[in-house]
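Step one of this worksheet: look at the structure below.
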Amino acid sequence: MLAVRMLKYGATGGLLGTSAFWLHYNSWDPVDSTVGLVRITRSIATVARIAVDYKNTLSKAPAGTEEYAQLKSACHLRSAERLYQLCCVNRGCYIKVGQHIGALDYLLPTEYVQTMKILHSKAPQSSLEDVHQVIKEDLGKEPHEIFRWFDEDPLGAASLAQVHQATLHDGTPVAVKVQHPKVQHQSKLDLKTMELLVRIVAKLFPEFQFLWLADEAKKNLPKELDFLQEGQNCEKVERILKKYSYLRVPKIYWELSTKRVLTMEFCQGGQINDREYMHNNDINVNEVTRNLGKLYSEMIFVQGFIHCDPHPGNVLVRKTADSGTEIVLLDHGLYQTLSDDFRLDYSQLWQAILGANVEGIKEYSKRLGAGEMYGLLACMVSARSWAALTKGIDKTPISEGEDDEVKQYAAKLIPQISDLLNRVPRQMLLLFKTNDLLRGIEHALHCRANASSFINMSRCCVLAVSNHQLKTATKVTERWKIWVSQAITLWKIDLYEFFLWFTTTALVRWISQPIH
């Protein structure tokens, strides 16, 4: 017991001392906020407890044994609960990072992912007084001077902001997104604290390298805290996807928007994972998932500009006046812009995956930084087993058994996955999150990927590669050959799509029935 106590006190003291030096070196002024000092002390103490727990627990059994695996799983769960409590108490950026962890199925231990998923539905609310104060400071008027009616209860609260329904004086219904008042001020310290703690964890446990998580938070959080940037993202995605008539994004009221307040069109609808809502409103579930797939294939492979937070609360569906169906895309704070080189390599990796082309998977995985871990990268990108990849994922429907196999496989390879995530381009990290959120929607709607769902992905990959070739071609004959090759490939995809449709029609099913 004495040794354990010494280890606990030593770890805590070392963490506190290192933290104090690091924050002083990074020009943090403790007089700036007593609350900030409490937050960082709480964070350091939590990580110290987790570190001691891991060191103590994992020394009780030999690595590789069943007992070791059980001990590690229990320690994962205890540690995840501690981190969850820390996120709930510190709020703001901590909840945002916790939500990010909760979206990384197959990439982090299940115990962490499942525990942090709860944060998607449990975010703090600011008081109405605080909300009014932010509006007054940013728009220069009292809320009643701007809005005829302002709902006291938020429609929803998130880690960084909350949304209220309101009505302008001309009767226009709007949604008003208001940033939590202390988030902007606390975010700089919180990000420095997270970076420090991740570095300490990497020193204590060299097999766990999660610096990529801190890097992503440092890069993306300032963007998400700028609501004017969010408004610009909203208008840009509407412009580049205008050919998809079923997409709706809210109109921005720029004269009533600032970095901390965003006033936009109020859009109603049911969450995209709500099967009951779709059934009651005569909405075709398969059509919705197919259309959502088309939008994201276009964003990822063709445009290179991706909405990276498609959790169900941010994607609504609704019937239109002409009995059509619309997908409403909300919360445009987090986007990833892909470089042309990365987008091309990623498109060709997916082409290889869809074609069960092992040599292609090797080549383009290596170009994306995976090295000899090409199989692991392909499995992480597709969330399918290597056996399914080599057979063809469009020909091998996913089963619960395969899903469990992939998760168990991932749990055993956390150090390798951590290493891989530090190797691949940073652009890949938000794609993993986006892919997992989209798969979560498919799973909730019982529409996990089948042959037809890969058709538009294939089409967009072909367009991405051939468009790039057309840009770089210098001769007319060369461009003509590329165009003809593209047209033939797309024609084959169209023909295959028609074949799938034809073989599933009621007529063909009736014809194929045996005669009695």
Task: Results of ring-ring contact (aromatic ring centres under 6.0 Å, His included) for His100 - residues two or more places apart only - done: none
- [ ] Report the residues that fulfil ring-ring contact (aromatic ring centres under 6.0 Å, His included) with Tyr84, sequence neighbours left out, ordered by chain and then residue number.
- [x] none
Open item on the list: Test: salt bridge (Lys or Arg N to Asp or Glu O under 4.0 Å). Region: residues 297-309. Which pairs qualify, not counting sequence neighbours?
Closed with: Lys96-Asp309, Lys243-Glu298, Asp309-Lys433
Task: Contact list for residues 344-356, test salt bridge (Lys or Arg N to Asp or Glu O under 4.0 Å), sequence neighbours left out - done: Asp345-Arg367
Taking salt bridge (Lys or Arg N to Asp or Glu O under 4.0 Å) as the test, write out the residues that go with [X], two or more places apart.
X	result
Lys471	none
Arg426	Asp215
Glu216	Lys219

Looking at residues at least two apart in the chain, or sitting in another chain, which of them share a side-chain contact (heavy atoms from CB on, under 4.5 Å) with [X]?
X	answer
Ala158	none
Lys236	Arg239, Ile240, Phe305
Glu235	Ile252, Trp254
Ile283	Tyr277, Met278, Asn281, Val288, Val317, Lys319, Thr325

Task: Worked verdict on Asp419 versus Met373 for side chain to side chain contact (heavy atoms under 4.5 Å, CB included) - done: CA-CA 10 Å; Asp419 180 31; Met373 292 193 283; 3.6 Å; yes
Open item on the list: Between Glu230 and Tyr335, is there a side-chain heavy-atom distance shorter than 4.5 Å?
Closed with: no
- [ ] Would you please test Leu196 and Thr193 for side chain to side chain contact (heavy atoms under 4.5 Å, CB included) and show each step?
- [x] CA-CA 5 Å; Leu196 166 67; Thr193 305; 5.6 Å; no
Task: Test side chain to side chain contact (heavy atoms under 4.5 Å, CB included) applied to Trp350 and Ser382, step by step - done: CA-CA 9 Å; Trp350 262 109; Ser382 62; 4.0 Å; yes
Side chains of residues 86-93: which donor-acceptor pairs under 3.5 Å do they make with residues two or more places apart or in other chains?
from, atom 1, to, atom 2, distance (Å)
Asn90, OD1, Arg42, NH1, 2.3
Asn90, ND2, Arg39, O, 3.4
Asn90, ND2, Ser43, OG, 3.2

Open item on the list: Between the side chains of Arg248 and Glu238, is the shortest nitrogen-to-carboxylate-oxygen separation below 4.0 Å, so that they form an ion pair?
Closed with: no
Task: Arg78 bridged to Glu81 by N-O distance under 4.0 Å - done: no
- [ ] Using atom types as modelled and distance alone, determine if a side-chain donor or acceptor of Thr57 lies under 3.5 Å from a backbone N or O of Tyr54.
- [x] no
